[in-house]
Trainee: 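Below is a structure I'd like to ask you about.
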Amino acid sequence: MVPSSTAAVASPRRLVIDQPALYRRVGFHPHAGQEPILRSQCRFQVVSAGRRFGKSEIGGHKLLTEAFKAYYRRAELEDLGKRAEFWIVGPNYSDSEKEFRILWNRLTQLDVPFDKPGSYNDPIGGNMHISLWGGRFQVHGKSASHPESLVGEGLHGAIVAEAAKVKERVWTKYVRPTLNDFGGWALMTSTPEGKNWFYEMWVRGQDTMQQAWTSWRMPAWANPYVYRHATTDEAVEALRRILDQRLEPLTEELCMRLGVDPEVGQLVADLSTPVFNQEIGALFTEFVGRVFQDFDEETHVGDLKFNPEWQTFGAVDYGFTNPSVWLLIQVDPFGSQINVLDEVYQSGLGPDEFAEEIVRRGLCPAGTKTFFPDPASPGDTRILESKLKVRHTGGTGGELKFRIEAIRQALKPLHPHLPVEHPESRPRIMFDRRCVSTIKDMNDYRYPDRKDEQDKNSPEAPLKKDDHGPEALGRFFAGNFGKVSAERGRARVSQATIGR
């Protein structure tokens, strides 16, 4: 039964839980940023929040309310042979454990009797399950990295924790369909990670035409329990301008005068602007973390075959201390599918040795049409032409951001309307498993986190590290799909539309 200390917080006839009374009973005092989210009755809720805002507290206490709703409906649920079931889905078990732990601790605090067996709190082993009221209320902690666990009956609600790190198909294939049976709700909480699917859900919540959706942006400083001094976006920007122009040193007095919590002020000084905007300000930016956030080995890597009907190319990034890279690339007759079949990725090679290694490995097969080199090393290119018996193609320069965007566009699905499991569903570009080093670069190439890592002349540029495979690939996109000179007589799209 419900302990007498909590029985007064519900109205059995209307099945409405007195949230404030329940929260007071357990000593939870939501701050002003959490309150509107907890009060909202919207079916789909999306919360973009900075670090230390208190995202997990929202989810855990939302489920606490649901536990007592199920208590007052337990006879009805039993008559129907149903249960009120909820999932907490995170990228890994450690992510879903936070909300689960809050719920478990609150129920324990209230002396709510857990069903035994049926209730387990083992996040290390991935066994997180709460069962109450003879199984009529159930919560499961799930990991998106184990899709086989994302099966079950219809859900009354689901929390997607750190949603920006979860693959979109986890929501579309596994979570969203389970909400249909009972008109279940969803709460997505996350610190943003670029403009990925979580951003699209957040935008949907801002659309007044989408009445079932709502969304919030909650910077970290909205939590007064961590950041004790009131802070605004405008005050943060004022401090950033002063620090960037070196008008005054960072002091507590300066922060207080501008209206910035001193700890927030220190983060402004330490972190690159994009990282601060994302991790602390909960803003969506393209220039944080991995450069190719859509790259997913499960989707973009496979066992590919050489196809004699496709055009064959090489792509080059020169090096010596850094690795020299040659990518063997094929493109289908329609120019829509691109396969990166193999690589030379090796340090300590002069241009002659580099060419010899390409030949030795058989990575410039007969019929190779051309190769796309770094234009900064014309002498090395002449040596490759001589050794490989293949002419190079120019037009491989231009701004780095255009080459990066070309690769990003190619990582997207060719037929976005098709489900992931459809046999014709594939991204425009794929990599063979043999391209071990280039695949690693695609995963590791990133933007700077701290101001002292930034290029002063180009603060939004990625780090010059783990970029050799992407550099070669970018030369291919610029040369093959970008602007070329008029004398080549070939109509190509401009760099601004590479990869569309």
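Owing to the predicted nature of the structure, the values given are computational and were not obtained by experimental measurement. All values below come from the heavy atoms of this structure, side chains included, with hydrogens, waters and symmetry mates left out.
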Trainee: Determine whether L187 and V160 make a side-chain contact, defined as any pair of heavy atoms from C-beta on separated by less than 4.5 Å.
Mentor: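 They are not in side-chain contact.
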
Trainee: Does Q41, at its CD atom, have more than 12 non-hydrogen atoms belonging to other residues, nucleotides or ligands within less than 6.0 Å?
Mentor: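 Counting neighbours around CD of Q41, 12 or fewer heavy atoms of other residues, nucleotides or ligands fall under 6.0 Å, so no.
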
Trainee: Report yes if some heavy atom in the side chain of E193 is under 4.5 Å from a heavy atom in the side chain of R290; otherwise report no.
Mentor: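 No; the side chains remain at least 4.5 Å from each other.
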
Trainee: Can you list the residues that meet the side chain to side chain donor-acceptor pair (under 3.5 Å) rule with H61, with sequence neighbours excluded?
Mentor: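 For H61 the side chain to side chain donor-acceptor pair (under 3.5 Å) partners, ignoring immediate neighbours, are E57, R106.
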
Trainee: Does some side-chain heavy atom of E237 sit less than 4.5 Å from a side-chain heavy atom of R241?
Mentor: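 Of all side-chain heavy-atom pairs linking E237 with R241, at least one is under 4.5 Å.
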
Trainee: Under 3.5 Å, is there a donor-acceptor pair between the side chain of D95 and the main chain of N92?
Mentor: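 Yes; judged by distance alone, with no hydrogens or angles, the pair exists.
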
Trainee: Could you work out, with side chain to side chain donor-acceptor pair (under 3.5 Å) as the rule, every residue matching Q266, not counting sequence neighbours?
Mentor: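 Expected list: D270.
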
Trainee: Specify whether F292 and Y445 have parallel, tilted or perpendicular ring planes, treating 30° as the upper limit for parallel and 60° as the lower limit for perpendicular.
Mentor: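 Plane angle between 30° and 60°, so tilted.
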
Trainee: Say whether, by atom type as modelled, one donor and one acceptor occur between the side chain of S272 and the main chain of P448 under 3.5 angstrom.
Mentor: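 Yes.
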
Trainee: Pair up each side-chain donor or acceptor in residues 125-132 with any protein partner under 3.5 Å, not counting sequence neighbours, and list the distances.
Mentor:
from	atom 1	to	atom 2	distance (Å)
H129	ND1	G118	O	2.9
H129	NE2	Q138	OE1	3.1
S131	OG	D115	OD2	2.7

Trainee: Does E200, at its CD atom, have more than 12 non-hydrogen atoms belonging to other residues, nucleotides or ligands within less than 6.0 Å?
Mentor: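 Count over threshold, so yes.
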
Trainee: With salt bridge (Lys or Arg N to Asp or Glu O under 4.0 Å) as the test, would you mind laying out the steps for E453 and R450 before giving the verdict?
Mentor: CA-CA 5 Å; E453 294 178 316; R450 303 179 62 84; over 6 Å; no

Trainee: Report the distance from atom OG1 of T191 to atom NZ of K55, rounding to the nearest 0.5 Å.
Mentor: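 T191 OG1 to K55 NZ: 3.5 Å, rounded to 0.5 Å.
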
Trainee: On a heavy-atom basis, which atom in P113 and which in W133 lie closest, and how many Å separate them?
Mentor: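 Result for this residue pair: CD-CZ3, 4.4 Å.
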
Trainee: Check the pair E405 / K401 against salt bridge (Lys or Arg N to Asp or Glu O under 4.0 Å), numbers first and verdict last.
Mentor: CA-CA 6 Å; E405 183 59 24; K401 64 181 181 181; over 6 Å; no

Trainee: Measure the shortest side-chain to side-chain distance between F44 and M201 over non-hydrogen atoms and say whether it is less than 4.5 angstrom.
Mentor: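 Counting from C-beta outward, F44 and M201 never come under 4.5 Å.
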
Trainee: Any donor-acceptor pair under 3.5 Å linking the side-chain atoms of E85 with those of H140?
Mentor: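 The answer is yes; a qualifying pair exists.
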
Trainee: Quick check: do L239 and C255 have side-chain heavy atoms less than 4.5 Å from each other?
Mentor: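 Side chain of L239 against side chain of C255, heavy atoms only: contact under 4.5 Å found.
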
Trainee: Where the side chain of T231 meets the backbone of H229, is there a donor-acceptor pair that is under 3.5 Å apart?
Mentor: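 Yes, the answer is positive, given that a donor and an acceptor are paired below the 3.5 Å cut-off.
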
Trainee: Tell me, do N277 and L271 make a side-chain contact under 4.5 Å, heavy atoms counted?
Mentor: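 The answer is no, as the side chains (C-beta and beyond) never meet within the 4.5 Å cut-off.
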
Trainee: Specify the closest pair of heavy atoms between G54 and N223, including all atoms of both residues, with the distance to one decimal.
Mentor: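 Heavy-atom minimum between the residues: N-ND2, 4.3 Å.
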
Trainee: Kindly state whether the ring of H300 and the ring of F431 have centres lying under 6.0 angstrom apart.
Mentor: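 Not close enough - the centres of the two rings lie 6.0 Å or further apart.
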
Trainee: For Q278 and T285, test the side chains for any donor-to-acceptor distance below 3.5 angstrom and give the result as yes or no.
Mentor: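 Side-chain D/A pair, Q278 to T285: absent.
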
Trainee: Decide if the gap between the ring center of F137 and the ring center of F68 is smaller than 6.0 angstrom.
Mentor: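 No; F68 has its ring centre 6.0 Å or more from that of F137.
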
Trainee: With a 6.0 Å cut-off (strictly less than), is the heavy-atom count around NZ of K165, excluding the residue itself, greater than 12?
Mentor: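 No, because the 6.0 Å sphere around NZ of K165 holds 12 heavy atoms or fewer from other groups.
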
Trainee: Just wondering, are more than 12 heavy atoms of other shown residues or ligands nearer than 6.0 Å to CG in L247?
Mentor: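 Yes.
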
Trainee: Can you find a pair of side-chain heavy atoms, one from F477 and one from R403, that are under 4.5 Å apart?
Mentor: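 F477 does not reach R403 side chain to side chain.
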
Trainee: How about R52: does its CZ atom have over 12 heavy atoms from other parts shown lying under 6.0 Å from it?
Mentor: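 No, the 6.0 Å shell around CZ holds no more than 12 heavy atoms from other groups.
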
Trainee: For W185 and F86, run side-chain contact (heavy atoms from CB on, under 4.5 Å): C-alpha distance rounded to whole Å, both residues' side-chain angles, the deciding distance at 0.1 Å, then the answer.
Mentor: CA-CA 10 Å; W185 54 260; F86 302 84; 3.8 Å; yes

Trainee: With V236, which of V268, I280, D261 fulfils side chain to side chain contact (heavy atoms under 4.5 Å, CB included)?
Mentor: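 Testing each of V268, I280, D261 against V236, the sole residue satisfying side chain to side chain contact (heavy atoms under 4.5 Å, CB included) is V268.
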
Trainee: Assess the side chains of N443 and E297: does a donor N or O sit below 3.5 Å from an acceptor N or O?
Mentor: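 A donor-acceptor contact under 3.5 Å links the two side chains.
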
Trainee: Salt-bridge test for D244 and K451: reply yes if a basic N is under 4.0 Å from a carboxylate O, no otherwise.
Mentor: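 A salt bridge links D244 with K451.
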
Trainee: Please report whether the ring centroid of H29 lies less than 6.0 Å from that of Y225.
Mentor: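 Aromatic pair excluded; centres sit 6.0 Å or further apart.
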
Trainee: Does either side chain, that of E343 or that of T438, offer a donor lying less than 3.5 Å from an acceptor on the other one?
Mentor: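 Distance-only check passes for E343 and T438.
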
Trainee: For Q293 and V288, indicate whether the former's side chain and the latter's backbone hold a donor-acceptor pair under 3.5 Å.
Mentor: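 Yes; judged by distance alone, with no hydrogens or angles, the pair exists.
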
Trainee: Salt-bridge test for R475 and E471: reply yes if a basic N is under 4.0 Å from a carboxylate O, no otherwise.
Mentor: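 Looking at R475 and E471, the cut-off is met.
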
Trainee: Does one side chain, of Y23 or T65, offer a donor that lies under 3.5 Å from an acceptor on the other?
Mentor: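 Yes.
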
Trainee: Check the surroundings of atom NZ in K116: do more than 12 heavy atoms from other residues, nucleotides or ligands lie under 6.0 Å from it?
Mentor: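 Enclosed.
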
Trainee: Quick one: are the ring centres of W104 and F114 less than 6.0 Å apart?
Mentor: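 Ring centres of F114 and W104 closer than 6.0 Å.
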
Trainee: How long is the span from the OG atom in S215 to the CD atom in Q210, to the nearest 0.5 Å?
Mentor: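 Spacing of OG (S215) from CD (Q210) equals 10.5 Å.
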
